[in-house]
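What follows is a single structure, written as structure tokens, with notes after it.
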Amino acid sequence: MPTVGVLALQGAFREHMEALRRAGARTAEIRQRGHIADIDALIIPGGESTTIGKLLVEGDMLDPLKIRLRTGMPVYGSCAGLILLCRTIENSDQPRLGVLNAKVRRNAFGRQVDSFEAKLAVPEIGSAPFHAVFIRAPVITEIGPDVRVLAEIGGQAVAVRENNVLATSFHPELTRDLRLHRYFIGMCGAGAKQGLDRDRTKV
Amino acid sequence: MKGTVRLKTGLAEMLKGGVIMDVTTPEQAKIAEDAGACAVMALERVPADIRAQGGVARMADPTVVKRIMDAVSIPVMAKARIGHFVEARILEALGVDYIDESEVLTPADDKHHIDKRAFTVPFVCGCRNLGEALRRMAEGAAMIRTKGEPGTGNVVEAVRHCRQVMDEIRILCALPEDEVANYAKSCGAPLEAAIAVRRKGRLPVVNFAAGGIATPADAAMMMHLGCDGVFVGSGIFKSGNPEKRAKSIVQAVTNYRDYAMLAEVSRDLGEAMTGMEISAITPAERMQERGW
């Protein structure tokens with residue numbers, strides 16, 4: 001069984017740990033550089049992306065994580081996690097991992113009073129709609145050639161995958177629906193290895 | 001769907017493990033954001049100045065709040081007076097991300113708090129014990145914080161309030177079923193809310209520490225006591241080196257179990273804010289006594 005680390009510097013890491021446990025994965029809190037070597041996959045939770053980015057830099061974790069993600073370790077980022085994964089962040093030079101070939105707009109729907117819940121079609125994980133919770137959520141405004149859009153709202157991408165990288169603007173960890181977590185755990189098997197091979201052939 | 005309980009409590013979940021800093025200018029807001037604050041509280045005066053200057057303390061001028069909102073990309077909170085639902089409506093119309101119905105300001109109603117369920121914007125409220133926390137939640141608060149004693153730089157009241165809440169939760173969870181109603185009554189807690197706490201084994205919403213936190217060690221101690229994050233009011237911008245202290249407190253909240261790291265971030269921070277002994281404040285002047 002793979003061990004899925006949850007980045008526990010700031011934000012909703014407790015909820016992701018709980019969802020992973022309910023989905024049957026082994027979990028580990030990732031707070032320090034030394035924790036990175038022991039995991040097979042990583043979730044970056046929602047939270048404040050500027051805060052998490054700074055803590056990654058202060059803790060010397062940004063580069064070791066980039067190396068593991070570039071060599072194929074599966075990663076899933078929700079909300080702030082998505083922002084930290086994107087290569088380009090509109091109007092911001094904040095620290096990031098940058099392993100997802102996409103451009104993101106922060107707080108794209110507005111402020112907290114504009115936060116919303118909606119039924120969302122995510123065909124990749126099943127035909128039943130996903131109850132998606134968007135809190136000061138970002139959207140993806142541009143994608144690279146290998147990025148697949150898994151869900152969109154009003155023509156804007158809110159869930160994407162590029163090889164070993166999965167990202168959503170919304171928060172499945174705030175609902176009881178485990179399909180996205182199960183899908184991600186699935187990526188830690190065969191899918192992850194494929195991503196690794198593809199990365200190697202590119203080099 | 002907008003303004004649901006899940007969206008209101010959900011934003012608080014995203015703030016966990018973070019530091020929310022009081023700021024009075026866009027420049028201070030930038031310093032807070034650059035130091036790694038997960039949100040800022042926009043104010044006209046920090047609690048220490050409100051305490052020193054006296055008089056009626058009200059909601060900040062909307063211009064101050066708006067300029068701070070424009071200066072940073074992180075969530076912006078603002079304070080309304082206890083019971084002052086029109087100040088709260090004004091802050092909601094401005095688009096602030098959270099409202100603190102706060103005892104730091106002079107109460108506008110001596111019996112009733114704001115009916116927070118009626119709003120789209122979420123609220124955080126202070127408490128000294130479990131009954132107070134659960135009454136605020138029953139009124140619609142989506143996040144709770146200790147009251148502590150604001151503007152003192154003295155952590156003892158925040159510690160007292162946090163321990164009180166945690167003790168009462170432990171007792172409530174250990175009681176036999178048939179004693180729950182009477183215990184809830186004795187705490188002044190709505191029964192439904194008390195049952196929800198028993199089911200979860202903790203408060204159903206995020207619980208931050210506030211009121212007197214001045215050092216990285218104070219912040220880390222509150223995390224050990226079971227708080228989900230901390231508010232720092234006067235502690236940062238009333239100190240000798242706000243940039244460095246702000247950054248250190250952010251580090252301390254994330255790494256509260258790593259004492260070597262705490263030793264490192266506690267070094268050379270310059271002067272901490274001048275503290276006050278709680279006994280030097282008459283009960284009538286204690287902000288924590290405000291709220292019902």
Side-chain angles (χ1 to χ4, degrees), chain A residues 7-16 18 29 31-32 34 45-59 61 78-81 83 89-92 94-95 105-107 109-119 131-138 170-171 173-176, chain B residues 1-20 32-40 69 72-77 91-99 119-123 142 202 206 228-229 246-248 250-251 253-258 260-261 264-265:
Chain A
L7 193 65
L9 298 177
Q10 192 271 322
F13 51 86
R14 185 168 73 200
E15 288 68 25
H16 271 297
E18 240 168 75
E29 273 188 19
R31 288 174 177 270
Q32 295 180 343
E48 179 43 51
S49 65
T50 56
T51 303
I52 299 173
K54 287 185 183 91
L55 289 165
L56 281 171
V57 172
E58 299 269 337
M61 295 167 75
S78 60
C79 197
I83 296 167
I89 305 172
E90 286 185 12
N91 305 318
S92 174
Q94 66 193 82
R105 181 178 302 150
R106 291 178 61 205
N107 305 330
F109 298 98
R111 304 195 69 97
Q112 171 63 12
V113 288
D114 307 302
S115 292
F116 63 100
E117 301 182 44
K119 297 277 182 211
H131 188 92
V133 181
F134 293 86
I135 298 176
R136 287 175 47 97
F170 51 92
H171 296 280
E173 76 279 13
L174 295 183
T175 68
R176 301 288 293 173
Chain B
M1 281 184 292
K2 292 186 179 181
T4 62
V5 171
R6 181 152 35 199
L7 293 166
K8 291 174 173 178
T9 56
L11 178 55
E13 301 291 352
M14 301 308 144
L15 300 173
K16 283 197 308 252
V19 182
I20 301 169
E33 182 176 50
D34 291 343
C38 67
V40 291
M69 286 167 60
V72 293
S73 66
I74 58 180
V76 176
M77 301 183 166
L91 292 172
E92 183 179 52
L94 283 174
V96 304
D97 297 295
Y98 240 93
I99 294 175
F119 286 72
T120 304
V121 67
F123 283 76
R202 57 176 170 85
V206 165
D228 295 312
K247 222 170 169 176
S248 297
V250 170
Q251 285 288 333
V253 167
T254 295
N255 299 294
Y256 66 94
R257 287 180 283 212
D258 182 340
M261 164 85 89
E264 196 49 49
V265 302

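Per chain, numbering begins at 1; letters A, B, ... match sequence-line order.
- Put simply, CG on B:L7 and CZ on A:F134 are 10.5 Å apart, with the number rounded to the nearest 0.5 Å.
- Contact of the B:E33 side chain with the A:E48 side chain is not registered, since no non-hydrogen atoms from C-beta on lie closer than 4.5 Å.
- Contact annotation for B:M69: both backbone and side-chain heavy atoms come within less than 4.5 Å of a heavy atom of chain A.
- Looking only at side-chain heavy atoms (C-beta outward), A:Q10 and B:V250 stay at 4.5 Å or farther from each other.
- Heavy-atom pairs under 4.5 Å with chain A peak, among B:V206, B:V76, B:D34, B:V253, at B:D34.
- In this structure, the side chains of B:K2 and A:V113 stay at 4.5 Å or more apart for every pair of heavy atoms.
- For A:D114, the parts sitting under 4.5 Å from any heavy atom of chain B are the backbone and the side chain alike.
- Taking all atoms of both residues into account, the shortest heavy-atom contact from B:S73 to A:R136 is O-NH2, 2.8 Å.
- Taken from CZ in A:R31 to CG in B:D258, the straight-line distance is 10.5 Å, to the nearest 0.5 Å.
- Taking B:G10, B:G18, B:C38 one by one and counting their heavy-atom pairs under 4.5 Å with chain A, the maximum is reached by B:C38.
- Within the 4.5 angstrom heavy-atom criterion, atoms from both the backbone and the side chain of A:R111 approach chain B.
- Between B:D228 and A:R14, some side-chain heavy-atom pair lies under the 4.5 Å cut-off.
- Only the backbone of B:A37 has a heavy atom closer than 4.5 Å to any heavy atom of chain A.
- Under the 4.5 Å side-chain criterion, counting only non-hydrogen atoms from C-beta, A:K54 is not in contact with B:K247.
- Between A:I135 atom CD1 and B:K8 atom NZ the span is 12.5 Å, to the nearest 0.5 Å.
- Note that the CE atom of B:M14 and the CG atom of A:L174 stand 4.0 Å from one another [nearest 0.5 Å].
- Within the model, atoms CG of B:N255 and CG of A:L9 stand 7.5 Å from one another, a figure rounded to the nearest 0.5 Å.
- Heavy-atom distances place no part of A:S49 under 4.5 Å from chain B, backbone and side chain included.
- Side-chain contact check for A:Q112 versus B:P122: some heavy-atom pair is nearer than 4.5 Å.
- Among A:L55, A:T175, A:N91, the residue making the largest number of heavy-atom pairs under 4.5 Å with chain B is A:L55.
- A:E173 and B:K16 are not joined by a salt bridge, as no carboxylate oxygen comes within less than 4.0 angstrom of a charged side-chain nitrogen.
- Of all the listed residues (B:A35, B:G3, B:A12, B:G95), the one sharing the greatest number of non-hydrogen pairs under 4.5 Å with chain A is B:G95.
- Both the backbone and the side chain of A:S115 come within contact range of chain B, each with at least one heavy atom under 4.5 Å from a heavy atom of that chain.
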